[in-house]
Asker: 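This structure is in structure tokens; I'll ask about it shortly.
For this chain, numbers begin at 1 and follow the sequence in order.
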Amino acid sequence: MGRAAAAAAVLAAAAACAVAGVAVGRRVSSRRKWGRVIDVLKELEEGCDTPVGRLKQVVDAVAVEMHAGLASEGGSKLRMLLTFVDNLPSGREKGTFYALDLGGTYFRVLRVQLGGQRSSILSHDVERQPIPEHLMTGRTKDLFDFIASVFKQFVEREESGSGYPLDRRRDLGFTFSFPVKQTSVSSGILMKWTKGFAIEDMVGKEVVACLQEAFTRNGLDVRVAALVNDTVGTLALGHYHDADTVAAVIIGTGTNACYVERTDAIIKCQGLLTTSGGMVVNMEWGNFWSSHLPRTSYDVDLDADSPNPNDQGFEKMISGMYLGEIVRRVILRMTLESDIFGPVSSKLSIPFILRTPLMAAMHEDDSPDLTEVERILRDILEVRDVPLKVRKLAVNVCDVVTRRAARLAAAGIVGILKKIGRDGSGGIVSGRSRPDTRMRRTVVAIEGGLYTNYGMFREYLNEAVVEILGEEVAQHVILRETEDGSGIGAALLAASNSSRNVDTVQML
Ligand code: BGC
């Protein structure tokens, strides 16, 4: 070989080495980046871990906090609010009643015709409208004028169809799903906003008075016979269909639960007398907090950036308003740690852009190539061209976040059962438990988009209830989905309260 040829061979070898070196370098760097992302996932998994032992601690904490919230005003983050609903609908309610349902993503108007026999809801019509975002943070008057005008259009249509005059007096149940300090079954004061509503001039105001004024401005003659939380409406409908229903849970945009409590256990309200000896208590469990809750840095940051920091801690881990946002935060962190999702897109940095229904669609994508995941990453987050293994990673993140949420909700439900002695352990009575109590059939009515429309969430929740209670006890506990309970239940309560002219609740 001549000199020139030898030099060329050396150069070629060197170039080949360099190319190989670059390729190896790239592989090493991409492996490192992948490793970093896997670390983020692992850290998330550990942070969200909910083994059954931890869930049982949450169950105990819920039961203890329920006691504390009933013992004194402000005694717990669980508000344990009186509802003045002492009798659930009997089934004898008859006539046409209306309901307005405000508190989730949609505002709804319902007309319900009751036939006077249990389970005979003859018909119900519903109209739903998204709540314009500017009304959620504007002025009280504008929100209530919007409500009254949607109701007016609803009754105008009815009037043209059936000949009901517009000025005929209508009885209505108002579902207002925010923490309200009730003063009677049909009056109460807004304590705080949740779920992204923030109308400052409304806090501390009489809710029904605001609605009545808007009706008057719109020339409508309406009597608000019941002011109810959505959980209470759900309990009313659940109980109407099945008298063993003792509690109700909502897991939708927000989350909450209510249940029937003995009046003598409501210690903070001494001298409360009801004909039934019980009253529905609105727990406002979205505000529950315990050091046993598995909290991650994403939860801390989400809370700090929210309009209501330090409030609704349980809700921020569980409900539809927040799950997609937690996932977005995790994907953003992964993108910042490495470039496996490509460069940080401006969309990915927008809070709440990944709504929970989209997250559920990613989680439940069962196509081999995860085409739905690809579509949502591309169209919503502007994250393009991600390989299959990265799409799988996104699904993993959704799974971890949803599993934790569903299992914590399950622990909340069992916490209520424990408090009322329906968890098979006999409940807590002055710190002692009564293991001898026979397990009774116990129904919990449940509603809300997360449970109803998100199959994986529902499965995780149902599974965790059995895991915590054990199969034997869990056989007696039925989680029963109701449909439109928050609205129909309010109409039922309007019916049962409008037919009574004596107040059945007395404060001595
Ligand atoms: C509210 C509750 C409501 C729940 C479900 C929470 O944010 O505080 O009153 O029941 O959402 O809608």
Side-chain angles (χ1 to χ4, degrees), residues 68-70 72-85 100-104 107 131-148 172-218 222-233 250 253-256 258 266 268-269 272 279-289 303 306-316 321 486 490 493 503 505 507:
L70 290 172
S72 63
E73 209 62 73
S76 163
K77 289 211 87 168
L78 277 183
R79 293 199 175 94
M80 307 301 283
L81 302 172
L82 302 187
T83 62
F84 293 83
V85 173
L100 296 181
D101 185 357
L102 178 78
F107 165 67
I131 303 163
E133 233 173 282
H134 69 276
L135 292 182
M136 293 165 60
T137 51
R139 292 182 317 152
T140 306
K141 182 173 171 292
D142 298 334
L143 176 68
F144 281 87
D145 276 344
F146 164 76
I147 296 175
L172 175 139
F174 184 29
T175 309
F176 184 74
S177 304
F178 301 95
V180 169
K181 187 171 173 50
Q182 298 222 204
T183 38
S184 75
V185 74
S186 57
S187 60
I189 286 159
L190 172 67
M191 301 169 78
K192 278 199 169 200
W193 288 109
T194 57
K195 297 176 280 199
F197 280 74
I199 304 171
E200 282 319 313
D201 68 338
M202 171 85 199
V203 176
K205 278 203 182 143
E206 198 32 91
V207 178
V208 171
C210 296
L211 182 61
Q212 289 285 10
E213 282 160 20
F215 282 144
T216 309
R217 284 195 292 275
N218 281 270
V222 182
R223 192 172 80 100
V224 181
L227 171 67
V228 301
N229 186 262
D230 49 1
T231 53
V232 180
I250 300 273
T253 310
T255 185
N256 190 12
C258 73
I266 309 177
K268 66 181 171 186
C269 198
L272 180 67
M279 182 178 282
V280 176
V281 171
N282 167 13
M283 293 172 62
E284 285 296 329
W285 88 2
N287 202 38
F288 167 68
W289 190 252
D303 182 53
S306 72
N308 54 350
N310 293 320
D311 272 344
Q312 302 295 104
F314 200 46
E315 176 161 280
K316 286 172 181 161
M321 169 126 189
S486 61
L493 287 165
D503 206 344
V505 181
M507 313 277 267

Asker: Quick one: do E73 and K181 make a salt bridge, cutoff under 4.0 Å?
Answerer: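 Answer for the salt bridge query: yes.
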Asker: Taking the side chain as every heavy atom from C-beta outward, state whether L493 and V85 have any pair of such atoms under 4.5 Å apart.
Answerer: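 L493 vs V85: side chains touch.
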Asker: How far apart are the closest heavy atoms of P179 and R79, and which atoms are they?
Answerer: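 Of all heavy-atom pairs spanning P179 and R79, the closest is CG-NH1, 3.6 Å.
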Asker: Nearest 0.5 Å, what's the NE2-CZ distance between H134 and F146?
Answerer: 8.5 Å
Asker: Would you sort out whether L211 and V224 count as a side-chain contact (heavy atoms from CB on, under 4.5 Å), showing the intermediate values?
Answerer: CA-CA 9 Å; L211 182 61; V224 181; 3.9 Å; yes
Asker: Apply the test side-chain contact (heavy atoms from CB on, under 4.5 Å) to residues E206 and T183: give CA-CA distance (whole Å), side-chain angles for both, the deciding distance (0.1 Å), then the verdict.
Answerer: CA-CA 10 Å; E206 198 32 91; T183 38; 4.1 Å; yes
Asker: Are the side chains of M191 and V180 in touch, meaning some heavy atoms are under 4.5 Å apart?
Answerer: no
Asker: At what distance, to the nearest 0.5 angstrom, does OG of S187 lie from CD of Q212?
Answerer: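 S187 atom OG to Q212 atom CD measures 11.0 Å (nearest 0.5 Å).
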Asker: Counting C-beta onward and ignoring hydrogens, is there a side-chain heavy-atom pair between N287 and W289 closer than 4.5 Å?
Answerer: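 No - every pair of side-chain heavy atoms lies 4.5 Å or more apart.
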Asker: Verify, without hydrogens or angle tests, whether D303 (side chain) and N310 (backbone) share a donor-acceptor contact under 3.5 angstrom.
Answerer: yes
Asker: Locate the shortest heavy-atom distance separating A148 from F215; write the atom from each residue and the value.
Answerer: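 Residues A148 and F215, closest heavy atoms: CB-CD2, 4.0 Å.
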Asker: Can a donor-acceptor pair be found, under 3.5 Å and without considering hydrogens, that links the side chain of Q182 to the backbone of L227?
Answerer: yes
Asker: How far does OG1 of T255 sit from CD of Q312, to the nearest 0.5 angstrom?
Answerer: 9.5 Å
Asker: To the closest 0.5 Å, what do you measure between NZ (K316) and NZ (K195)?
Answerer: 13.5 Å
Asker: With side-chain contact (heavy atoms from CB on, under 4.5 Å) as the test, would you mind laying out the steps for F178 and N229 before giving the verdict?
Answerer: CA-CA 7 Å; F178 301 95; N229 186 262; over 6 Å; no
Asker: Looking just at side-chain N and O atoms, do S486 and D101 make a donor-acceptor pair shorter than 3.5 Å?
Answerer: yes
Asker: Compare all side-chain heavy atoms of L102 with those of I131 and state whether any distance is below 4.5 angstrom.
Answerer: yes
Asker: Taking all heavy atoms of S177 and all of G103, pick out the closest pair and write down the distance.
Answerer: CB-CA, 4.1 Å
Asker: Is the closest side-chain heavy-atom distance between C210 and M202 below 4.5 Å?
Answerer: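 Of all side-chain heavy-atom pairs linking M202 with C210, at least one is under 4.5 Å.
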Asker: Tell me whether the rings of F174 and F176 are parallel (<30°), tilted (30 to 60°) or perpendicular (>60°).
Answerer: tilted
Asker: Distance from T231 atom OG1 to N256 atom CG, nearest 0.5 Å?
Answerer: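 With rounding to 0.5 Å, OG1 (T231) is 4.5 Å from CG (N256).
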Asker: Hey, are the side chains of I199 and T137 touching, using non-hydrogen atoms and a 4.5 Å cut-off?
Answerer: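 Answer no - side chains too far apart.
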Asker: Tell me the closest heavy-atom pair linking V222 and L172, and the distance in Å.
Answerer: CG1-CB, 3.7 Å
Asker: Taking C-beta and beyond as the side chain, do V207 and I189 meet within less than 4.5 Å on heavy atoms?
Answerer: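 Answer no - side chains too far apart.
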Asker: Do you know the tightest heavy-atom contact between P309 and S306?
Answerer: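 Of all heavy-atom pairs spanning P309 and S306, the closest is CD-O, 3.2 Å.
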Asker: For M80, does its backbone N or O pair with a side-chain atom of K268 as donor and acceptor, under 3.5 Å?
Answerer: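 Here the side-chain-to-backbone pair exists.
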Asker: side-chain contact (heavy atoms from CB on, under 4.5 Å), that's the test. Do V281 and L81 meet it? Break it down for me.
Answerer: CA-CA 6 Å; V281 171; L81 302 172; 5.9 Å; no
Asker: So do the side chains of V203 and W193 get within less than 4.5 Å of each other, counting heavy atoms only?
Answerer: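 When only atoms from C-beta onward are counted, W193 and V203 do touch, with a gap below 4.5 Å.
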Asker: Is there a side-chain hydrogen bond (donor to acceptor under 3.5 Å, both in side chains) between D230 and T175 once you walk through the steps?
Answerer: CA-CA 6 Å; D230 49 1; T175 309; over 6 Å; no
Asker: If I compare all heavy atoms of A225 with all of S186, which pair ends up nearest, and what's the gap?
Answerer: O-CB, 3.6 Å
Asker: Yes or no on salt bridge (Lys or Arg N to Asp or Glu O under 4.0 Å) for D201 and R139, after CA distance, side-chain angles and deciding distance?
Answerer: CA-CA 7 Å; D201 68 338; R139 292 182 317 152; over 6 Å; no
Asker: First locate atom CE of M136, then atom CG of D142, and finally report the distance between them rounded to the nearest 0.5 Å.
Answerer: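 If we round to the nearest 0.5 Å, M136:CE and D142:CG are 14.5 Å apart.
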Asker: Below 4.0 angstrom, N of the basic side chain to O of the carboxylate: do D311 and K192 qualify?
Answerer: yes
